[in-house]
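Remember, it's 1-based here, ligands and their atoms both numbered in the order they're listed. All figures in this text were calculated on a predicted structure; none of them were measured in a lab.
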Amino acid sequence: MTIIHISAECYPVAKVGGLADVVGALPKYQNSSKVSSQVIMPFYDNTFTKENVFTTIYSNEINLGNTLVNFNVKTLKEKPLDFEVFFIDVPELLFKDYVYSSDDTNRFLAFQIATLDWIRTWKKHPDIIHCHDHHTGLIPFMLQESYKYEAFRKIPNILTIHNAQYQGWFSHIKVGLIPSFNFNNVGLLDWGGTINPLAAAIKCAWRVTTVSPSYMEELKVDANGLESLLSAENAKCSGILNGIDTDVWNPETDHYIIKNYNAKTINIGAEANKRYLCDTFNLDFEKPLFAFIGRLVGEKGSDLFPDVFKIALERNNLNILLLGSGNSFVEQQLETLKKDYIGTYNAFIGYDEKLSHIIYAGADFLLMPSRVEPCGLNQMYALRYGTIPIVRSIGGLKDTVIDISKENGFGICHDNVTVLEIINAIDRGVALYKNQSKYKKIRKKIMEIDHSWDVSAQEYINLYNSIN
Ligand code: ADP
Ligand code: GLC
């Protein structure tokens, strides 16, 4: 069985968030003697493409409306990844030093059309086309409706929704950019008067998955306008919880962290990483370290951080360290806060893969007060590194973290995203830290929780088999 994952991100090639981690791991876990799982993604102008050598295996041009646009398909010449990756190089549109921007409609349309035009030339068609998020959402529509892809009608395709907040909306004025189709079916592209690639994919894909079971249920009542569509298409929808790549995220072998460790050696290992963080960011080693890693956007609850941090830091019984970027107003507030809490608070505004690993290893608690969290990988990384997650019970967080007050509990959960509830949760963390024997026992225990991709990768294979 040949599976093609089509995605805008894939770790370690290009990463903005969790989508990259998923597409960079799932194919590896799907590959077996019977399955060949491959990735098709854009060729960006970034560190990875600068540092690697590529071979061009195909060149042609696509029609983007009336404009002819050149594209190449490239593969890695050396140092292959654990699965085959094909890069769609559209020099004019995709070869940029960013993944997403304001001109995404034309960029990702070109990506999707070039991908299908190229697959059309394959001697043997793939058995499954697996699309990820709205950047690839027009593929199920084109496979079903565009005349030029008629030979593809029988190829089963799947859409995985990693985040329904972003839908890729664009005006019907641009409909001519989509390879021609029976215009009687233009309604399949539409949701609420605009072209909505995510909605089109939900309508046309053979199956739709979300990245956790709880998120699937939540989307039926809150999906940024797509609630009724998802309810109507319920029969073909399911939630499959993401896994984590336990080779990349392994405190015993992680080359980014200061000292490697396992569940037996966590006390020494985590301590060395915490000490490094405290030295580097001028924090107090004796106090518990609460961290946040992520995008500073409303979905993550980050607009409440300035207030939450101020109140928590005034109590003078903890440290807070933040790694993230996003909303510039929040960024600025978080920067300003530094001068008021020298010695117990610091923030690195930006993106830093290495630092993120050290934080997972060295922090005592990881904060995730998300308003929306389709799955969330950070809490699973935290667990594997023995850092206790403090989460708002929603989406994938609800599916992966059990509160310490419950049987077999190991995390701290709160129900609502309010300053008060987040502060209460932090206070519970401080209290737990004071009880060092309980805290250390939980830390060891969470490292053993298995969130590897093995189970979920197989669930996807079962889904493919059900439609193949
Ligand atoms: P989302 O995809 O919504 O951002 P996830 O929890 O699924 O959230 O995944 C986020 C991924 O991005 C994790 O691998 C996390 O470590 C990483 N990440 C987020 N922000 C940063 C940052 N500023 N620096 C380094 N890694 C980051
Ligand atoms: C999205 C979601 C996040 C999820 C990730 C990977 O970015 O916001 O919750 O973990 O995709 O599926």
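Nearest non-hydrogen protein atom to atom 12 (O) of ligand 1 is Lys15 CE, 3.6 Å. Asn378 OD1, 3.4 Å is the protein heavy atom nearest to atom 10 (C) of ligand 1. Among protein heavy atoms, the minimum distance from atom 4 (O) of ligand 1 is reached at Arg295 NE, 2.8 Å. In this structure, the protein non-hydrogen atom closest to atom 9 (O) of ligand 2 is Glu373 OE2, 2.5 Å.
Counting heavy atoms closer than 4.0 Å to ligand 2, residue Asp21 contributes nothing at all. Residue contacts with ligand 2 for Leu19 involve N, CA, C or O but no side-chain atom from C-beta outward (heavy atoms, distance under 4.0 Å).
For the residue pair Lys220/Asn234, the side-chain donor-acceptor check at 3.5 Å is satisfied. A donor and an acceptor atom, one from each side chain of Thr209 and Thr160, are located under 3.5 Å apart. Using a 3.5 Å distance cut-off with no hydrogens or angles, the side chains of Asn462 and Gln458 do pair a donor with an acceptor. One side chain, Tyr360 or Asn378, offers a donor N or O that lies under 3.5 Å from an acceptor on the other. Side-chain polar atoms of Glu9 and Tyr100 form a donor-acceptor pair below 3.5 angstrom. There is no side-chain donor-acceptor pair under 3.5 Å between Tyr385 and Asn273. Under the 3.5 Å distance criterion, with hydrogens and angles disregarded, no donor-acceptor pair is assigned to the side chains of Asn408 and Lys445. Using modelled atom types and a 3.5 Å distance limit, the side chains of His130 and Tyr464 yield a donor-acceptor pair.
Using a 4.0 Å heavy-atom cutoff, Gln379 is absent from the residues neighbouring ligand 1. For Cys375, the closest heavy-atom approach to ligand 1 does not fall below 4.0 Å. For the pair Gly376 and ligand 2, a heavy-atom separation below 4.0 Å is found. Heavy atoms of Lys300 come nearer than 4.0 angstrom to ligand 1 in at least one pair.
Between Phe54 and Phe43, some side-chain heavy-atom pair lies under the 4.5 Å cut-off.
Atom numbering of ligand 1 starts at 1 in the shown order; those under 4.0 Å from a heavy atom of Gly324 are 23 (N). Every atom of ligand 2 is numbered from 1 in the order shown, and the set under 4.0 Å from a heavy atom of Gly18 is 5 (C), 6 (C). Every atom of ligand 1 is numbered from 1 in the order shown, and the set under 4.0 Å from a heavy atom of Asp21 is 13 (C), 14 (O). Short contacts between ligand 1 and Gly294, defined as distances under 4.0 Å to a heavy atom of the residue, involve ligand atoms 19 (C), 20 (N). Every atom of ligand 1 with a heavy atom of Tyr360 under 4.0 Å away is listed here by number and element: 15 (C), 16 (O).
Residue Leu377 places at least one N or O, backbone or side chain, under 3.5 Å from an N or O of ligand 1. An N or O contact shorter than 3.5 Å links His162 to ligand 2 by distance. Polar contact check, Glu353 against ligand 1: no nitrogen or oxygen pair lies under 3.5 Å apart. Residue-to-ligand polar distances keep Met368 apart from ligand 1: every N/O pair is separated by 3.5 Å or more. By the 3.5 Å distance cut-off applied to N or O atoms, Glu299 is not counted among the residues near ligand 2. In terms of polar-atom proximity, Cys375 is counted as a contact of ligand 2, with an N or O under 3.5 Å from an N or O of the ligand.
In the candidate list Gly18, Gly350, Ser325, Gly350 is nearest to atom 23 (N) of ligand 1, counting heavy atoms. Nearest to atom 21 (C) of ligand 1 by heavy atom, out of Tyr11, Tyr381, Tyr351, is Tyr351. Nearest residue to atom 25 (C) of ligand 1 from Asp352, Asn163, Ile359 is Asp352 (criterion: closest heavy atom).
Remark: Trp453 CH2 to Glu459 CD distance equals 9.5 Å, nearest 0.5 Å.
The existence of a salt bridge linking Arg371 and Asp303 is confirmed by a sub-4.0 Å separation between a basic side-chain nitrogen and an acidic carboxylate oxygen. Taking a cutoff of 4.0 Å between a charged side-chain nitrogen and a carboxylate oxygen, Arg384 and Asp254 do not qualify as a salt bridge.
For the side chain to side chain donor-acceptor pair (under 3.5 Å) test with Tyr381, the passing option among Thr387, Asp21, Asp245 is Asp21; the others fail.
With sequence neighbours excluded, the residues that form a ring pair (Phe, Tyr, Trp, His ring centres under 6.0 Å) with Phe86 are Trp118.
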